[in-house]
Amino acid sequence: MRGERATMGKSLLDVQRELRIKASYIAAIENCDPSAFDTPGFIAGYVRSYARYLNMDPDECYRLFCEESGFAVAHGMSEKASTIRKGQGDLPAPMARDIFEQPRMPFVPAGDSFFSRIEPGAIGSLLVLVALLGGIGYGGFAVLREVQRVQVAPVDQTPLVLSDLDPVQGAEEITEDAGGEDVASAEGAGPFSPPSNEALDRLYRPKALDVPVLVARDAPISSLDPSTVGAFAQAARNQLPQVDTNPADAALQVAGLAGPAAQPGATALPRTVLDSKSVTLLAVRPAWVRVRGDSGNVLYERVMEPGDTWTVPDGQQSAKLTVGESGALYLATNGQTLGPLGPKGQVTRDVELVPEVVSAAYQPAEPQQDGDLQRVLAKLNESIMPAAAPQVQLAQAGAEVATQPGAPKVLQDSAPGVTMIAVRPAWVRVRAADGSVIFEKTMRAGDTWTAPATQDPASLRVGESGAVYFAVNGQTYGPVGASGTVTKNLQLSVDNLTRAYKVADISRDADLERVVAELSSDVRAD
């Protein structure tokens, strides 16, 4: 019967609406469950009516229903023909059931459990969404913390006073007249004139407004030297005696050293490298040069910096020069400067470095037309010391001058410090005791840096150890290490450097000799 009903496309509710038989009775007939009927006497009529509705044989359907369900017809006025009473009769009593959990109505949808409504794919999607939200939140929090972080790195710069305010400036000046009475110097009649509103405002304003306005810097306070910065430095400069420090010969004479004129009979030596009889290369701007000897071998090749010089060795009769920047290179021979070799930006090749050839090929240089040439020549003339004392350092001469009786002391004794000197390009990094970087730079030849005087010394890291020296107490120590090596965690203290290194021999390093000469000439010029 259930199959025929499904073939007709009818539901239990459709059968109930058309046959006027309860849907629960129709389901009981299909399930062969006589216990669902209240009165057994109507079971035969319900089964036959439902069979005729399905176009089936009513008797045959009723017979099959009785066989499958075990139902028997009761006739007459027997007790079995009456209404079925719960707990009585031969029919087995149904088991206790919950009518809400098992309503035995197929047309009513059964309730689903809680876990049956959960999809595994939804759980995975939810976990992915939670992980994504957590990652976005953590990333935003990390970016916010990074934006709000403030890193302070101290630099070697001292605060500058923009203005120095006088709290009593503009106040009334009181002078004493000839009769001994105190009168006001301000214009006005009477023995006393009250101060102006501006003067009273300056006197009674908060003290915070009367301090000098400073520009904040990150240098350690221990690096501030009152003798060089501020009002005390200005007062010290005003009280210094007028001492002539221009000529180097005068300083040597005060120090008790004989100059060139104090050596009668001595052979006159050239005052500069430009006075040599051989050809000397003179660079006034950066320029790449290459010099090949008589046999074709390379005698000299490098990028010459402003002020660098190189003289052709004796015995080279036909050395040839190639320069990448002709306008930055001059030639000198027999005290005469020639050039430049060509226009700016031009490459010149195979120039014979023979005095007679270059004298005939190039005109004498005019320093007035090239400011760089004029400045380099001035430095060369100032940096050359007398030939009688080539190893005398300017710091030693200044120390001997100070020890002469009656010699004026023009500089105050400073605390011992450490100064780095680069004679060739070298990368350096200096860290303070707390690990912060206070100096990091690729120092070029001639650059210097003074370490701040702190309680805990700073540490140094050098990429080219052979290019860095130290100046301590007027002496030059070093180099830091061998050329091409890296030095790490070197303590920049006076005791450590003087104990670990020896006094430098400038005769073994031409670059060190040149840098010391340039620095000494700058000190004399100042």
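Note that the numbering runs from 1 along the sequence shown for the chain.
- The two residues Asp509 and Gly466 make their nearest non-hydrogen contact at OD2-O, 4.5 Å.
- Qualifying side chain to side chain contact (heavy atoms under 4.5 Å, CB included) partners for Ser326, counting only residues two or more places apart in sequence or in other chains: Val323, Leu341, Gln346, Thr348.
- Residues passing the salt bridge (Lys or Arg N to Asp or Glu O under 4.0 Å) test with Arg461, sequence neighbours excluded: none.
- Taking CD1 of Ile421 as the start and OH of Tyr469 as the end, the distance is 10.0 Å to the nearest 0.5 Å.
- Residues meeting the salt bridge (Lys or Arg N to Asp or Glu O under 4.0 Å) test with Arg17, sequence neighbours left out: Asp14.
- Remark: Arg444 engages Glu305 in a side-chain hydrogen bond (donor to acceptor under 3.5 Å, both in side chains) (not counting sequence neighbours).
- Residues Ile26 and Lys22 have side chains not in contact (no heavy-atom distance under 4.5 Å, counting atoms from C-beta outward).
- For Tyr46, the ring-ring contact (aromatic ring centres under 6.0 Å, His included) partners are Tyr25, Phe37, not counting sequence neighbours.
- To the nearest 0.5 Å, the span separating OG1 on Thr442 from CZ on Arg429 amounts to 11.0 Å.
- Under the 4.5 Å side-chain criterion, counting only non-hydrogen atoms from C-beta, Leu497 is in contact with Leu490.
- Checked against salt bridge (Lys or Arg N to Asp or Glu O under 4.0 Å), Glu68 has no partners two or more places apart in sequence or in another chain.
- Separation of atoms CG (Leu144) and CZ (Arg149) is listed at 11.5 Å; rounding is to 0.5 Å.
- Side-chain contact between Val462 and Val486 is absent, with no heavy atoms from C-beta onward closer than 4.5 Å.
- Pro286 is not listed as a side-chain neighbour of Glu325, based on a closest heavy-atom distance of 4.5 Å or more.
- Contact of the Val376 side chain with the Tyr330 side chain is not registered, since no non-hydrogen atoms from C-beta on lie closer than 4.5 Å.
- Of the possible polar contacts, one joining the Gln16 side chain to the Ala23 backbone as a donor-acceptor pair under 3.5 Å is found.
- Pro457 is not listed as a side-chain neighbour of Asn496, based on a closest heavy-atom distance of 4.5 Å or more.
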ask   = Can you check side-chain contact (heavy atoms from CB on, under 4.5 Å) on Arg5 and Leu54, steps first, answer last?
value = CA-CA 7 Å; Arg5 178 173 58 82; Leu54 298 177; 4.2 Å; yes
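- Shown here are the side-chain hydrogen bond (donor to acceptor under 3.5 Å, both in side chains) partners of Ser493, two or more places apart in sequence or in another chain: there are none.
- Taking CZ of Arg375 as the reference point, atom CG of Asp372 lies at 4.5 Å (rounded to 0.5 Å).
- Of all heavy-atom pairs between Cys61 and Met56, the closest is SG-CE, 3.5 Å.
- Note that CG of Asp33 and CD1 of Ile43 are 9.5 Å apart. Values are rounded to the nearest 0.5 Å.
- The nearest pair of heavy atoms linking Tyr477 to Tyr501 is CD2-O, 3.5 Å.
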Residues Arg292, Glu301; criterion salt bridge (Lys or Arg N to Asp or Glu O under 4.0 Å); working and verdict = CA-CA 9 Å; Arg292 293 185 180 273; Glu301 182 179 3; over 6 Å; no
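- No hydrogens or angles considered: a donor-acceptor pair under 3.5 Å links the side chains of Asn31 and Arg2.
- In this structure, Lys344 does not pair ionically with Asp370, as no charged nitrogen and carboxylate oxygen lie closer than 4.0 Å.
- Checking each of Val480, Val430, Thr448 against Met420 for a side chain to side chain contact (heavy atoms under 4.5 Å, CB included) leaves exactly one that passes, namely Val430.
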request  = List the steps and the verdict of salt bridge (Lys or Arg N to Asp or Glu O under 4.0 Å) for Lys320 and Asp350.
outcome  = CA-CA 5 Å; Lys320 294 185 179 181; Asp350 299 334; 5.5 Å; no
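- Under the salt bridge (Lys or Arg N to Asp or Glu O under 4.0 Å) criterion, Glu119 pairs with no residue at all, not counting sequence neighbours.
- Applying the side chain to side chain contact (heavy atoms under 4.5 Å, CB included) test to Arg302 and every residue at least two apart in sequence or in another chain returns Tyr300, Met304, Asp308, Asp511.
- Considering only residues two or more places apart in sequence or on other chains, Gln374 meets the side-chain hydrogen bond (donor to acceptor under 3.5 Å, both in side chains) condition with none of them.
- Remark: Arg48 pairs with Asp59 by the side-chain hydrogen bond (donor to acceptor under 3.5 Å, both in side chains) rule, at least two apart or across chains.
- Looking at Glu440 and Arg431, no side-chain N of the basic residue comes within less than 4.0 Å of a carboxylate O on the acidic one, giving no salt bridge.
- The side-chain heavy atoms of Ser465 and Thr485, taken from C-beta on, include a pair separated by under 4.5 Å.
- Nearest heavy atom pair, residue Asp57 against residue Ala51, reads O-CB, 4.1 Å.
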request  = For the pair Ser507 and Glu513, evaluate side-chain contact (heavy atoms from CB on, under 4.5 Å) and give the outcome as yes or no after the intermediate values.
outcome  = CA-CA 7 Å; Ser507 62; Glu513 186 176 3; 5.6 Å; no
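- With Ser49 contributing its side chain and Gly45 its backbone, the two residues share a donor-acceptor pair below 3.5 Å.
- Annotation: the span from Phe470 atom CZ to Leu460 atom CG amounts to 5.0 Å, rounded to 0.5 Å.
- Between Val418 and Thr450, every side-chain heavy-atom pair lies at or beyond the 4.5 Å cut-off.
- The nearest pair of heavy atoms linking Arg285 to Gly327 is NH2-O, 2.6 Å.
- Summarising the geometry of Ala445 relative to Arg514, their closest heavy-atom pair is CB-NH2, 4.2 Å, with the distance given to 0.1 Å.
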request  = Test side-chain contact (heavy atoms from CB on, under 4.5 Å) on Val428 and Phe439 and set out the steps.
outcome  = CA-CA 8 Å; Val428 297; Phe439 181 75; 3.5 Å; yes
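- With sequence neighbours excluded, no residue satisfies side chain to side chain contact (heavy atoms under 4.5 Å, CB included) with Arg20.
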key: Stepwise side-chain contact (heavy atoms from CB on, under 4.5 Å) check, Thr322 with Trp288   = CA-CA 8 Å; Thr322 300; Trp288 173 84; 4.1 Å; yes
